[in-house]
Each structure stands twice: as structure tokens, then as C-alpha cells.
Asks: 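Pasting a structure below so you can have a look.
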Protein chains: 2
Amino acid sequence: MSIRSQLLKGILEGCILSIIHMQPTYGYELSMKLQKFGLSDVSEGSIYPILIRLQKEKLIIGEMIKSEAGPKRKYYHLTEEGKAALQQFIANWEAIKQPVDKIIDKGGEET
Amino acid sequence: MSIRSQLLKGILEGCILSIIHMQPTYGYELSMKLQKFGLSDVSEGSIYPILIRLQKEKLIIGEMIKSEAGPKRKYYHLTEEGKAALQQFIANWEAIKQPVDKIIDKGGEET
DNA sequence: TAAGCTACTTTGCAATGCAAGGTAGTATAT
DNA sequence: ATATACTACCTTGCATTGCAAAGTAGCTTA
């Protein structure tokens, strides 16, 4: 397990909600979008379980749609609950980011 | 378990390294410093296990020192390995923060 | 003597990312 | 036709980590 994995805990879920909020997205596409954004080592083994969980929690809804080229795709979109959860995630993220930045700014100087 | 807990995973360890890097610190003091920085709900049950782990990994060294008032305190300071680990953490943190900010900036707009 | 603070420690649980492996449809090349 | 590669989905089991809860013990003050 990579060091980064631990940092991603709790973050991935919010990122996935956010990407789906931009536009309905299917799992495989998600992994490529995350890569483009710079979260390069996120595998499908991380993504699909999260999608299933989010759907159980009724934050997203998935629909199988035929693809013109290739296997069928399960497009997900946010529910109203999902939108609320996304806003909550963003608030939590900001509430963590600021203290952490302050802490590493003071303690992380090179010696 | 609070929602924030998940976001803290992997982050707390780096923050603790960073605070100890500013100045040798003991466990109880750490919990108060984290509070002041804004990580308010971090309990001792989170901190001491991390300190023990960091010492096992030889990133920090603890020394019991008599207190003028109250029980003895175990002051921790960073090893060279610990300083390297801190720099590594900061790099990982930056590498996560930027993509996440980009993602929630685009997907997190209110509707 | 009691109460309250300081300070450290341990146990066991819950949540989550991920490696690894699997299934199957489609497209392209040989 | 057959093989290869890509698309796309799903599942199992593990390792890590934060934390609630509970405990131990010294010091200070009333």
C-alpha cells in the first residue's frame, strides 16, 4: 500500500462526488478523470466499491446505458442528498486543510 | 466515528511530525497544540498510538523528563529519518491538495 | 481525604484504499 | 476464424489508521 493511500482516505469519496456533480460519469471514465486531475495511482479496485457504497447511501444513482462502441456503461449522477454530502465534504476539507497548512508551514522548514 | 476522522487518516501523523519538529513536545501537550491549530477533536487515543508507532519506526525519540509540576513527561524529538519523513509527508500533502482543490473547485459549485 | 488536573497506556472496533483476480463485450489485426 | 487488446464492470481479503473507552498513577489544592 502506497504512502499516498492513507492520505486519500475520505478524500477520494468527496472527489468522486465532485466529478460526478460536474457531469454524469461512469466508473471507468472516473479513473481516467482522476488521473488527469493528478490523482494518478487510483485504481478501479478503489473506485467501484466507493460507487456501490455511495449508491447504497443514496448519494448517487446509476443507470446502465448502451455505448456506441464498447461494453455498456453505468452512468452515475448525484441525488439531492449527494449534493448536500458534497457541500459537507468541501466544508470538512477546508476545515482540515487550513490547520494542516499552518502546521507544516511552521514545522516543515528545511534545516 | 466522526466524518472528519477519515479525512485525518495519514494527515495526523505528518502534523505530529511537524509539531515535534518545531520543538520537542510531549503527548499531552501535542493534543493541546493540535487543538489550538484547529484540529479540535483529536483525542489522546489517537495521539499516543501514533507516537509509539513513530518511535518504533525510528522517526522520533522519546525521553522521560521530570516536570516541575505534575507527572513526568515524555518529550519527543525528530531523528534525521524523521526529518526526511516529514519532508516526504509535505510533498505528498501538496501532491494531494492541488488535485483535490481543482476537483472541488469545478464540481463543488452551488446549484 | 477527596477532587481534579496532568500525563501516559492499552484494547478493540470501524472505515477505507487497494492489490489481485475475475467476467464479458467490442474492435482490430492476422 | 482466431488472437490480441481495449473497454468496462465486479468481488475478495488485507493493511492501515483514527478513535472511543477504559485504565493507571502522580501531583496539587481544598
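Since we're looking at a predicted model, the values are computed, not measured. All chains are named by letter (A, B, ...) in the order of the sequence lines, taking the proteins before the strands, and each is independently numbered beginning at 1.
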Asks: So B:Tyr75 and B:Tyr26, would you call those rings parallel, tilted or perpendicular, with 30° and 60° as cut-offs?
Replies: perpendicular

Asks: Heavy-atom nearest nucleotide on DNA chain C for A:Gly70 versus A:Asp41: which residue maps closer to 5'?
Replies: A:Asp41

Asks: If you assign B:Pro49 and A:Glu57 each to the DNA chain C nucleotide with the nearest heavy atom, which residue ends up on the more 5' nucleotide?
Replies: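 Taking each residue's closest nucleotide, the earlier one in sequence belongs to B:Pro49.
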
Asks: Are any of A:Lys66's side-chain N or O atoms less than 4.0 Å away from OP1 or OP2 of C:dG25?
Replies: no

Asks: Charged N to carboxylate O below 4.0 Å: is that the case for A:Arg53 and A:Glu13?
Replies: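 Looking at A:Arg53 and A:Glu13, the cut-off is met.
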
Asks: Indicate whether OP1 or OP2 belonging to D:dC10 is found under 4.0 Å from a side-chain N or O atom of A:Tyr48.
Replies: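 So the side chain of A:Tyr48 is outside the cut-off, no N or O lying under 4.0 Å from OP1 or OP2 of D:dC10.
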
Asks: Between D:dC10, D:dT11, C:dC8, which one does the side chain of A:Lys74 approach most closely?
Replies: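 Output: D:dC10.
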
Asks: Verify the contact: side-chain N or O of B:Tyr28 to OP1 or OP2 of C:dT6, cut-off strictly under 4.0 Å; return yes or no.
Replies: yes

Asks: Is there a donor-acceptor pair under 3.5 Å between the side chain of B:Thr25 and the backbone N or O of B:Gln23?
Replies: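 Yes: the side chain of B:Thr25 pairs with the backbone of B:Gln23.
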
Asks: Could you check whether B:Ile52 gets within reach of a base, just the sugar-phosphate, or nothing at all, counting any heavy atom under 4.0 Å?
Replies: sugar-phosphate

Asks: Output the rounded distance in Å from CZ (B:Phe89) to P (D:dT17).
Replies: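 Spelled out: CZ on B:Phe89 to P on D:dT17 is 12 Å.
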
Asks: Expressed as a whole number of angstroms, how long is the span from A:Leu7:CG to D:dG18:C1'?
Replies: 14 Å

Asks: Look at the side-chain N and O atoms of A:Ser43 and state whether any lies under 4.0 Å from the OP1 or OP2 oxygen of C:dC18.
Replies: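 Checking C:dC18 against A:Ser43, no side-chain N or O comes under 4.0 Å of OP1 or OP2.
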
Asks: Where the side chain of B:Leu12 is concerned, which of D:dT7, D:dC19, C:dC8 is the nearest nucleotide?
Replies: D:dC19

Asks: Tell me which of A:Ser46 and A:Lys72 sits closer to the 5' end of DNA chain D, going by the nucleotide each one is nearest to.
Replies: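 Final value for this comparison: A:Lys72.
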
Asks: What integer distance in Å separates B:Leu51:CG from D:dT17:P?
Replies: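 So the CG-P distance, B:Leu51 to D:dT17, works out to 14 Å.
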
Asks: When the distance from CD1 of A:Ile11 to P of D:dT17 is rounded to whole Å, what number comes out?
Replies: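 Rounded to whole Å, this separation is 14 Å.
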
Asks: Considering just the side-chain nitrogens and oxygens of B:Lys9, establish if one lies under 4.0 Å of OP1 or OP2 belonging to D:dC19.
Replies: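 Answer no for this pair, as no side-chain N or O of B:Lys9 is under 4.0 Å from OP1 or OP2.
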
Asks: Just checking B:Glu44: base, sugar-phosphate only, or nothing, at a heavy-atom cut-off of under 4.0 Å?
Replies: base

Asks: State yes or no: do A:Leu54 and A:Ile52 share one hydrophobic cluster built from I, L, V, M, F, W and Y residues joined by side-chain heavy-atom distances below 4.5 Å, directly or via other members?
Replies: no

Asks: Take atom CD of B:Gln6 and atom C1' of D:dT16, then tell me their distance rounded to the nearest Å.
Replies: 11 Å

Asks: Are B:Leu78 and B:Ile61 linked, directly or through intermediate hydrophobic residues, by side-chain heavy-atom contacts shorter than 4.5 Å (ILVMFWY only)?
Replies: no

Asks: Of the options D:dC19, D:dT17, D:dT11, whose atoms approach the side-chain atoms of B:Val42 most closely?
Replies: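 The listed nucleotide nearest to B:Val42's side chain is D:dC19.
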
Asks: Taking atom P of D:dG18 as reference, at what distance in whole Å does atom CG of B:Leu39 sit?
Replies: 12 Å

Asks: B:Glu13 has an atom CD; how far is it from atom P of D:dG18, in whole Å?
Replies: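 Taking atom P of D:dG18 as the reference, CD of B:Glu13 is at 7 Å.
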
Asks: Step by step, work out the side-chain contact (heavy atoms from CB on, under 4.5 Å) result for B:Leu30 and B:Val42.
Replies: CA-CA 10 Å; B:Leu30 258 174; B:Val42 176; over 6 Å; no

Asks: If you find the nucleotide of DNA chain D closest to A:Pro71 and the one closest to A:Gly45, which residue's nucleotide is nearer the 5' end?
Replies: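 That would be A:Pro71.
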
Asks: When we call it a touch if two heavy atoms are under 4.0 Å apart, what does B:Arg53 touch: a base, just sugar-phosphate, or nothing?
Replies: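 Sugar-phosphate: the residue B:Arg53, judged by heavy atoms under 4.0 Å, touches backbone atoms but no base.
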
Asks: Side chain of A:Tyr26: nearest nucleotide among D:dC9, C:dA7, D:dC10?
Replies: D:dC9

Asks: For B:Met64 and D:dG26, what is the distance between atoms CE and C1' respectively, to the nearest whole Å?
Replies: 11 Å

Asks: Select one nucleotide: of C:dT10, D:dG18, D:dA8, the one nearest the side-chain heavy atoms of A:Ser67.
Replies: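 Of the candidates, D:dA8 comes closest.
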
